[in-house]
Amino acid sequence: MNKLSYFCNPKIKMMSGEYAIPVSGLKDGRHHFDFKINKKFFDKFEESEVKEGELVAVVSADKQSTHMDLSTQIKGFVNISCDRCLGIFSLPVECSNRLLVKFGKDREDDDPEIITIAAEEAVLDLMQYFYEYVLLALPIQRIHPDDEDGNSTCDPEMLAKLRDHLVDEAKHKDHRWDELEKLMNNN
């Protein structure tokens, strides 16, 4: 069963390959766009730590004559390396982001949440924004989740190797520095 099936509406036609929305010719009002983010998407970012994923980006665009307000919801899973055991695991990702697109003469990118594009631009490519949204939604520490009993689901062989290489500082303390430490602690 597809991991995305619980939140994807099968009636929605997914846009794949293109991660752009039309700007010129789009009538004022609210519009919705759906995009599939998968391995092909992450392959375009060679240096990415995320190599695979299965996500859906739903963009709600409220277009006015002077600007367009974009709300993006991204939900799904990415396969990422565990910081503890280096094994690959599936990490759920969910985020909401907003981008205000103003129409003007010159393209400006001073504020990451507000961009200005030339009024004559035909499309707005959201690929880089989707990529950044996904990366920013990842936790700082990425480790396998614990099982129902609270035990680690990391690779047991790797955990055993890590335990074997733990250094007990009390055993390996260099006592030649003890006198110097006493001098430092007295001051």
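Only a predicted model underlies this, so the values are computations on that prediction, with no experimental measurement involved. Reckoned from all heavy atoms, side chains included, excluding hydrogens, waters and symmetry mates.
In terms of the ring-ring contact (aromatic ring centres under 6.0 Å, His included) criterion, Phe103 has no residue partners (sequence neighbours excluded). With sequence neighbours left out, Phe130 forms a ring-ring contact (aromatic ring centres under 6.0 Å, His included) with Phe35. The salt bridge (Lys or Arg N to Asp or Glu O under 4.0 Å) search around Glu113 returns none, not counting sequence neighbours. Legend: residues meeting side chain to side chain contact (heavy atoms under 4.5 Å, CB included) with Leu138, ordered by chain and number and at least two apart, are Val50, Val78, Ile80, Leu91, Val93, Leu135, Arg142. Shown here are the salt bridge (Lys or Arg N to Asp or Glu O under 4.0 Å) partners of Asp125, two or more places apart in sequence or in another chain: there are none. By the side chain to side chain contact (heavy atoms under 4.5 Å, CB included) test, Glu52 pairs with Lys39, Asn79, sequence neighbours left out. Annotation: side chain to side chain contact (heavy atoms under 4.5 Å, CB included) contacts of Gln141 (sequence neighbours excluded): Asp83, Ile143. Taking Arg163 as the reference, nothing meets the salt bridge (Lys or Arg N to Asp or Glu O under 4.0 Å) condition, with sequence neighbours excluded. For Ile140, there are no side chain to side chain contact (heavy atoms under 4.5 Å, CB included) partners two or more places apart in sequence or in a different chain. The salt bridge (Lys or Arg N to Asp or Glu O under 4.0 Å) check on Glu157 picks up nothing, with sequence neighbours excluded.
Put simply, Phe89 and Met158 are part of two different groups of oily side chains (I, L, V, M, F, W, Y) that touch within less than 4.5 Å, one to the next.
Legend: ring pair (Phe, Tyr, Trp, His ring centres under 6.0 Å) pairs involving residues 52-73, not counting sequence neighbours: none detected. Counting only residues at least two apart or in different chains, side chain to side chain donor-acceptor pair (under 3.5 Å) contacts with residues 143-153 comprise Arg84-Ser152.
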